[in-house]
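Inspection log for the structure reproduced underneath, given as structure tokens.
Everything quoted here is computed from the prediction, not taken from an experiment. Each chain gets a letter, A, B and so on, in the order its sequence line appears, and its residues count up from 1.
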Amino acid sequence: MTTRARVVPRSFYARAPDVVACELLNKVLVGPNGSGRIVEVEAYDGARDPASHAYRGLTPRNEVMFGRPGHLYVYFTYGMHWCANAVCRDEGVAAAVLLRALAPIAGVERMRAARAQARRDRDLCSGPAKLCQALGIGSTHNGADLTRRASTVHILDDGMAPPRSPAVSTRIGLSVGVDQLWRWYVATDDNISRK
DNA sequence: ACCGGGATGTTCT
DNA sequence: GAACATCCCGGTG
């Protein structure tokens, strides 16, 4: 990482989640344990998306999704896993991008310690709950401001452009909204949760 | 490689 | 009481 890396500004996030998702590819997520390049994402659009946590309106859990763009929405699922999203669109409109996989950059030793089960380094961040465990992201980071370098969790642009033609697929692990092609990933990367 | 089941607890019906 | 934006392990081929 060079000094030319800068935080992604709030205006970037204040757009539709499918647009934000595509452009988050190849940006850098920084967390407590290190950093990684974002290589897989999914879009969730509360207003018209039955798979979105915000589809049925505001609740204590999804409150952050309704807030300002550029913040982190962290939720707990399956009794043991944390997952992290970048909040999109204007305040009052719920939308988010689920961060699904990273290519590790810095702090790999700490990530290995945080994910002792991982047999290979490509298993460290190859899933939405894996990357949170690897980077040390949890409930205390819900609502974190991703646009501030001082924030424990933030996102940097180090100059690498998003892929011109990312791979596209349906989203993973859903029982509704299964037909939307709202998953994007860097086709050539080894750290993808699933082909 | 692929597939099936269990872990584990919050959230919402 | 069911569902859940998941992961891991142990089976089989």
Side-chain angles (χ1 to χ4, degrees), chain A residues 13 16-22 24-25 29 31 33 36 38-67 69 71-89 93-104 111-144 146 153 155 166-186 190-195:
Chain A
Y13 299 97
D18 53 341
V19 175
V20 174
C22 292
L24 275 176
L25 291 175
L29 177 66
N33 289 343
I38 298 168
V39 294
E40 178 182 339
V41 291
E42 285 176 356
Y44 289 85
D45 198 349
R48 58 191 228 255
D49 180 5
S52 170
H53 287 171
Y55 185 61
R56 289 179 171 79
L58 179 68
T59 69
R61 176 172 74 156
N62 65 26
E63 177 182 5
V64 172
M65 279 183 81
F66 287 83
H71 287 253
L72 192 70
Y73 167 49
V74 179
Y75 69 89
F76 185 67
T77 193
Y78 288 103
M80 62 192 106
H81 298 303
W82 299 99
C83 296
N85 300 253
V87 172
C88 306
R89 294 197 184 274
V93 185
V97 173
L98 175 65
L99 306 175
R100 286 198 55 94
L102 308 176
M111 294 188 205
R112 290 182 186 133
R115 281 189 44 70
Q117 318 94 314
R119 299 183 58 261
R120 309 160 303 193
D121 284 354
R122 51 143 63 87
D123 298 323
L124 289 174
C125 297
S126 58
K130 293 179 187 176
L131 73 87
C132 284
Q133 187 177 27
L135 283 187
I137 294 172
S139 64
T140 61
H141 306 104
N142 189 36
L146 296 171
V153 183
I155 296 180
V168 186
S169 80
T170 56
R171 295 174 293 181
I172 292 177
L174 305 182
S175 59
V176 292
V178 296
D179 295 330
Q180 296 290 349
L181 296 172
W182 279 351
R183 172 176 177 251
W184 294 269
Y185 57 98
V186 179
D190 288 331
N191 301 270
I192 297 305
S193 68
R194 178 187 132 186
K195 302 288 262 190

I want to verify a distance call: between C:dC7, C:dA5, B:dT10, whose nearest atom is closest to the A:H81 side chain?
C:dC7
Shortest non-hydrogen pair, A:S126 vs A:A101, comes out as CA-CB, 4.2 Å
Heavy-atom closest pair (A:S193 atom, A:G127 atom, distance to 0.1 Å) is CB-CA, 4.1 Å
Near-strand residues of residues 44-54 of chain A, defined as heavy-atom separation under 4.0 angstrom from DNA chain C
A:Y44, A:A51, A:H53
Atom OH of A:Y73 and atom P of C:dA5 are separated, to the nearest Å, by 9 Å
Nearest whole angstrom, please: distance from the C1' of C:dC4 to the CD1 of A:I172.
16 Å
Taking all heavy atoms of A:L72 and all of A:H141, pick out the closest pair and write down the distance.
CD2-O, 3.7 Å
Check this one for me: any side-chain N or O of A:T59 less than 4.0 Å away from OP1 or OP2 of B:dC12?
yes
At a cut-off of 3.5 Å, list every protein nitrogen or oxygen paired with a nitrogen or oxygen from nucleotides 1-4 of chain B, distance to 0.1 Å.
none

With A:V168 via side chain to side chain contact (heavy atoms under 4.5 Å, CB included) - residues at least two apart
A:L181, A:W184
Could I get the full list of side chain to side chain donor-acceptor pair (under 3.5 Å) partners for A:D121, not counting sequence neighbours?
A:R112
Does a side-chain N or O from A:T77 land closer than 4.0 Å to OP1 or OP2 of B:dT10, or not?
no
Between atom CG in A:L131 and atom P in C:dA5, what is the gap in whole Å?
16 Å
DNA chain C: stems of at least 3 consecutive Watson-Crick or G-U pairs, cut-off 3.5 Å?
B:1-7 with C:6-12, B:9-12 with C:1-4
Please report the shortest heavy-atom distance between A:A86 and A:L24, naming the atom on each side.
CB-CD1, 4.1 Å
What is the distance, rounded to the nearest whole Å, between atom CG of A:N62 and atom P of B:dC12?
7 Å
Length of the line joining A:L174:CG and C:dA3:P, which is rounded to integer Å:
15 Å
Non-neighbouring partners of A:C132 that pass side chain to side chain contact (heavy atoms under 4.5 Å, CB included), sequence neighbours left out:
A:W82, A:A84, A:I137
Contact summary for A:L102 and A:N191, nearest pair of heavy atoms:
O-CB, 3.2 Å
Using atom CZ of A:R61 as one end and atom C1' of C:dA3 as the other, report the distance to the nearest whole Å.
10 Å
Scan for side chain to side chain donor-acceptor pair (under 3.5 Å) pairs involving residues 44-55 of chain A, sequence neighbours excluded, and state none if there are none.
A:E42-A:Y44, A:D45-A:R48, A:D45-A:R89, A:D49-A:R171, A:H53-A:Y73
Under 4.0 Å between any heavy atoms, over every strand shown, what does A:S193 touch: base, sugar-phosphate, or nothing? Just pick one.
nothing
Could you check whether A:Y78 and the base of C:dC4 form a stacked pair, meaning centres closer than 5.5 Å and planes differing by less than 30°?
yes
With A:S169 via side chain to side chain donor-acceptor pair (under 3.5 Å) - residues at least two apart
A:R183
Which letter, B, S or -, goes with each nucleotide of nucleotides 8-13 of chain C from 5' to 3', with contact meaning a protein heavy atom under 4.0 Å?
S-----
Quickly work out the A:R56 CZ to C:dA3 C1' distance and round it to whole Å.
11 Å
Please list, chain by chain and in numerical order, all residues satisfying side chain to side chain contact (heavy atoms under 4.5 Å, CB included) with A:T59, sequence neighbours excluded.
A:R61, A:N62
Which residues satisfy the side chain to side chain donor-acceptor pair (under 3.5 Å) test with A:D123, sequence neighbours excluded?
A:R120
Between C:dA5 (P) and A:Y55 (OH): distance, integer Å:
15 Å
Closest approach to the side chain of A:M80, judged atom by atom: which nucleotide of B:dT8, C:dT6, B:dC12 is it?
B:dT8
Using modelled atom types and a 3.5 Å cut-off, is there a donor and acceptor pairing between side-chain atoms of A:R115 and backbone atoms of A:L124?
yes
Could you tell me which residues satisfy side chain to side chain donor-acceptor pair (under 3.5 Å) with A:Q180, sequence neighbours excluded, listed by chain and number?
none
